[in-house]
Every structure is written in structure tokens, then in C-alpha cells.
Amino acid sequence: MQTNKSLMRHFINIKDIPGKELKKIILDAKKRKAKRKNFNTLDIDKDSPLKGKLLIQMFEKSSLRTRLSFYIAIKQLNGGALTLRPDELHLNKGGESLSDTAKIISTFGNAFMLRTNSEEKLNILKKYLTIPLINGLSPKSHPTQVLSDVFTIEEIKKKSISKLKICWVGDSNNVLNSLIEASVKFSFKLNIGCPKKYEPNKDLLNWAKKNKGNVKIFYDSKKAASGCDVVFTDKVISMNDKVNKTQKLINFKNFKVTQAVMKCAKKDAIFLHCLPRGPEVSNEVFLGKKSKVFQQALNRIYVQKSILLYCFDKLR
Ligand code: CP
Ligand code: NVA
């Protein structure tokens, strides 16, 4: 099996990937999507770039969209996917070390996509895997989601995201962290509306500031949305969020995306949500005309493909 270390890259955090490469991923996804008009889901892209490659994926937390999109993505590139259940590995019962597991995965497969409860696990795997590692959501980031969202925004708005003002209303969670990182890499304005005690991580905000980021925090959802092109939100209670859920939901009661919030954004503003959803958005907004959440979800396939190609150093 081929394991040429110099020709592979991990995709773990947006922050650590050069902006130029991220833009190449978006461009490749645009070109590939355009070429698939009238293709069936499992038809293979004409250039068949990942022929014979095996993507191994594992989810330590639930997933619908990430699971489906990576499966379809690798298939369309002419590779195959195998999903491991963490409860069926020796690893989770303490019978095998993470480093040995990583070495085995590296010799059997060609890329590993992991949704995990632990940043530490990503760090250890990065050390021992000799194949690309893709972060399919961790407690601190959700990079594949956010890169795909940049794609969706540019597709709908038909302009570079650097010319747009993006708003996030809600919790300072993994998705927002990746969005902050993306705001620096893609040079877009980001307004965040959240309760005072739920501000984003200070180190991340300092990193954004140091790197010419344009991130503004508001303690008012309407002020945050004012004049924006896109309004995002996400669940107040994320998977494995170990908090007093009732209290947290109360603390966020003024940070729900309603029609009144959408009215503060630009007239042609769109609403995005990575899903799954909770009470952070009204049904009216979620199912309304401005909502592009289903296009957003489907686009995950196209961007996962270009992320995979980036990892294999196969972006044209
Ligand atoms: N948005 C997202 O990552 O969805 P899943 O949790 O269903 O994969
Ligand atoms: N912030 C959410 C995203 C789900 C895709 C979570 O981590 O549960």
C-alpha cells in the first residue's frame, strides 16, 4: 500500500491551513460541482482522481450529514469508504493503544476521518498516522462544515465572501471557532451576537486580532445582525456539552434567530444552520425563503471531495 508521507496533508483546523490552499479547495469544489450536472449520486467524476483509495471513518459522536457526505464524496472520486464503530474496536475498551491503532489504520487505509470527543486524540493520531487525518468535528472545531459554508455563501451570493458581512447569533462553540478562523483566512467581517458570559475563547479572538481579523462581539442579536448578508446560528447545547441545559437555554432566550432578527440583516440576507437544529431558530425562519439550510447541507459533498483531494495533494 502507498504511504508517501511527503504527498499527504492533514485537515484538522482551518487556522493551520494557508488561506491560499483553502481558496484552492473552494475553487476545485466549484469546478467539480459544475461538471456533475445530470450525474447520479454514485457516478464517478470523469478524472477518477482517488481510484482505489480507501477512506476509513469513525464517529465517536452522532452524525448524519458528515457521515453521508464523506461516504458519497470518496465514492464520486472513485475510492471507497469504511465506517468503523468505536464500540467495536479494541481501542475503546482499553485493549489497544491509540498509537498502534493509528499504525494499523495507516497500513490498511489511505485517509482517516474522525469525529471525536477529544482534541488530544487528534494530536496523538496526527503523530502516529502516516495517512491524512481529517477532523470531522471535535469539541473545539468543525472545519469541514465551515469551509463548506464558505462555498455555499459564495455560490448563493455570487461574490467573494471577503466582500460580505457575516453574522453568528448563538453559542461560542466548535462551529463558531472554525468560523472565526475562516473569517481571518478569507478576510470577511464577522459579527457575533451572544450573551456576555458566553463570549468566544479569548486566545482565539487574540489570534484573529493579531492576524488582521475583523470580528466584533455584540451582546444583542439584532445589533449583531444589523446590515449583514448572512445570519448563522447553531444549537445552544452541543453534543456532549456538559452544562446545566435548562439554565443555558434560559441564558440564550434572547439569542434566537427570529423574523425580527432577520429583518435587521440586509434585505437579501440568507439564513444558514449546519444542523441538527434546536430552539435557537424559529420554524418560520428555518423553513422560510431566506433559509438555505438544505443547499448548505448538500454542498458538504462537494467540499469534502476537494478537502480529500487537498489531503492527497491532488488539487489541480
Ligand atoms: N452539520 C453536521 O456536521 O451534521 P452531522 O452532525 O449530522 O454530521
Ligand atoms: N455544535 C454542534 C454541531 C453539530 C454538527 C455540536 O457540536 O453538537
Decide whether E280 and T233 meet the rule of one side-chain donor and one side-chain acceptor closer than 3.5 Å.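 No pair is found: no donor N or O on one side chain lies under 3.5 Å from an acceptor on the other.
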Ignoring hydrogens and geometry, is there a side-chain-to-backbone donor-acceptor pair from [X] to [Y] under 3.5 Å?
X: N191; Y: A225; answer: no
X: S226; Y: K222; answer: no
X: R115; Y: S62; answer: yes

Where do S99 and S97 land on the side-chain hydrogen bond (donor to acceptor under 3.5 Å, both in side chains) test, with the steps shown first? CA-CA 5 Å; S99 57; S97 69; 3.2 Å; yes
Drop me the distance from E60's CD to L114's CG, to the nearest 0.5 angstrom.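 Going from the CD atom of E60 to the CG atom of L114 covers 5.0 Å.
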For N40, which residues count as a side-chain contact (heavy atoms from CB on, under 4.5 Å) partner, sequence neighbours excluded?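 Result, side-chain contact (heavy atoms from CB on, under 4.5 Å) vs N40: D43.
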What residues form a side-chain contact (heavy atoms from CB on, under 4.5 Å) with D203, not counting sequence neighbours?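 D203 satisfies side-chain contact (heavy atoms from CB on, under 4.5 Å) with N201 once adjacent residues are dropped.
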Quick one: do [X] and [Y] end up in the same hydrophobic cluster if we chain Ile, Leu, Val, Met, Phe, Trp and Tyr together by side-chain heavy atoms under 4.5 Å apart?
X: F11; Y: L129; value: no
X: V236; Y: I192; value: no
X: I180; Y: I17; value: yes

Residue from K245, K197, K256, K248 passing salt bridge (charged side-chain N to carboxylate O under 4.0 Å, His left out) with D171: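 Single pass found, and it is K248.
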Centroid-to-centroid, F255 to Y198, below 6.0 Å?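 Between F255 and Y198, the centre distance exceeds or equals 6.0 Å.
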State which residue, out of N174, N13, N177, fulfils the side chain to side chain donor-acceptor pair (under 3.5 Å) condition with S141.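 Checked N174, N13, N177 against S141; only one passes side chain to side chain donor-acceptor pair (under 3.5 Å): N13.
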With respect to D229, which candidate in K266, K157, K163 satisfies the side chain to side chain donor-acceptor pair (under 3.5 Å) definition?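 Filter result, single survivor: K266.
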Where do S172 and C194 come nearest, in terms of heavy atoms and distance?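 Residues S172 and C194, closest heavy atoms: OG-SG, 4.4 Å.
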